[in-house]
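Data first, discussion second: the structure below is written as structure tokens.
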Protein chains: 2
Amino acid sequence: MGIAMNIGQAAEASGVSAKMIRHYESIGLVPRADRRNSGYRDYGPQDVHRLGFVRRARDLGFPLERIRVLLGLWGDPGRSSAEVKALALSHIGELEGKARHLQEMAGVLRGLALSCDGDERPDCPIIAGLEAGPVPPSGPCTGRPTSRSSSAKPPSRRSPSPDRR
Amino acid sequence: MGIAMNIGQAAEASGVSAKMIRHYESIGLVPRADRRNSGYRDYGPQDVHRLGFVRRARDLGFPLERIRVLLGLWGDPGRSSAEVKALALSHIGELEGKARHLQEMAGVLRGLALSCDGDERPDCPIIAGLEAGPVPPSGPCTGRPTSRSSSAKPPSRRSPSPDRR
DNA sequence: GGTTGACCTTCCCATGATGGGAAGCCGCAA
DNA sequence: TTGCGGCTTCCCATCATGGGAAGGTCAACC
């Protein structure tokens, strides 16, 4: 099994699905595989190794176009590690930017959820926040979030209710 | 102008692009807008308000299907804030999960980048890491540590089958 | 030999949210 | 009336991945 595998075996060995292997081939990310007489693709250790490289790069969040570059650098004996490092650092920046963005959103939502009683009544600062706009940190007359905490709540009524037509 | 706007004006007022407003209508996220004789869509303050709600929910990372639910809760006088809160908390969980995932990837990559000289020579632990597998901190001679996708499958009986053209 | 069933092939479609652009109609102003 | 910009619908593209159909291939088993 070492020296000639089906796409399914290559998929299992590399961790890349057969579907994706074909796709990567179709977009030229990996070279066209050899074919047997039957038309079946045939993979050797080299190919599997390359597929593993691709999978690990994907696991680190690299987009395919960047992986294309990485593969180029991988196979280029004249590369400088500085190039690789720059690529990696830039990618790290993107990852962290996205992570920060997600956490920002989670933070805002957490703030809203904190002031939501979560009981059976309809009053809800979360809905109110979505209705009225994102509370800009320390806005002037934002009476939104910290309005009431846990006291005196008469059986409220509804919000402006979308209807029309 | 306050009480009857084009899609463009509604877009500007709500912060949702005209393209997206049409899309949201087409998937039934917002009700079909009134039309003028000309066929132009016509929006009133209520509509703009609803679009603003959608935009803010999107800004907080809610997927459209969840926004659909949020809109339903918004317009439901009998809702309980617990429902809303549960939805929000679940979404917070997802956001944080994704953020954690991104940071994990960034962390691994940072580790590799740290040990990369970044000079003009080709030797590069980043490339090596991609080649050899996710470096489990201080692994000896990592052969094939994390064989994913290789579990829970009855062993295929097919052999490599020599056939090559 | 024939059957079976897992595997392979290609091709099309779907996701989620958004945008680009074409072809053609509408509205307002000069 | 001409002109321009906004509106309409419809199709395509993104990014990475998967689902599934229709049909060919392969190895094993009876």
Phosphate OP1/OP2 of [N]: any [X] side-chain N/O under 4.0 Å:
| X | N | result |
| --- | --- | --- |
| Arg36(A) | dT25(D) | no |
| Tyr24(B) | dA17(C) | no |
| Arg35(B) | dT9(D) | yes |
| Ser17(B) | dG19(C) | yes |
| Arg41(A) | dC8(C) | no |

For the pair made of [atom1] in [X] and [atom2] in [N], what is the distance, rounded to whole Å?
| X | N | atom1 | atom2 | value |
| --- | --- | --- | --- | --- |
| Ile27(B) | dC10(D) | CD1 | P | 16 Å |
| Asp42(A) | dT9(C) | CG | P | 10 Å |
| Arg55(A) | dT17(D) | CZ | C1' | 16 Å |
| Glu25(A) | dC8(C) | CD | C1' | 13 Å |
| Arg66(A) | dC15(D) | CZ | C1' | 14 Å |
| Met5(A) | dC7(C) | CE | C1' | 14 Å |
| His23(A) | dG18(D) | NE2 | P | 11 Å |
| Asn6(B) | dG27(C) | CG | C1' | 9 Å |

Do you see a donor-acceptor pair shorter than 3.5 Å between the side chains of Asp119(B) and Ser80(A)? no
If you compare all heavy atoms of Glu25(B) against all heavy atoms of Arg32(B), which two are closest, and at what distance to 0.1 Å? OE2-CG, 3.5 Å
So which nucleotide from [options] ends up closest to the side chain of [X]?
| X | options | answer |
| --- | --- | --- |
| Ser38(A) | dA17(C), dT25(D), dC26(C) | dT25(D) |
| Lys19(B) | dT17(D), dG21(C), dG18(D) | dG21(C) |
| Arg22(B) | dA16(D), dT9(D), dT10(C) | dT9(D) |
| Ile7(B) | dT8(D), dC8(C), dG19(C) | dT8(D) |

Are Ile7(B) and Ile27(B) connected in a single hydrophobic cluster, I mean Ile/Leu/Val/Met/Phe/Trp/Tyr linked by side-chain heavy atoms less than 4.5 Å apart? yes
Joint hydrophobic cluster, Leu51(A) plus Val69(A), side-chain heavy atoms closer than 4.5 Å: yes
Donor-acceptor pair, side chain of Arg55(A) and main chain of Ser14(A), under 3.5 angstrom: yes
Per nearest nucleotide of DNA chain C, the residue lying toward the 5' end, Leu64(B) or Gly39(B), is Leu64(B)
Tell me if the side-chain of Tyr40(B) makes a donor-acceptor pair with the base of dG6(D), cut-off 3.5 Å, by modelled atom types. yes
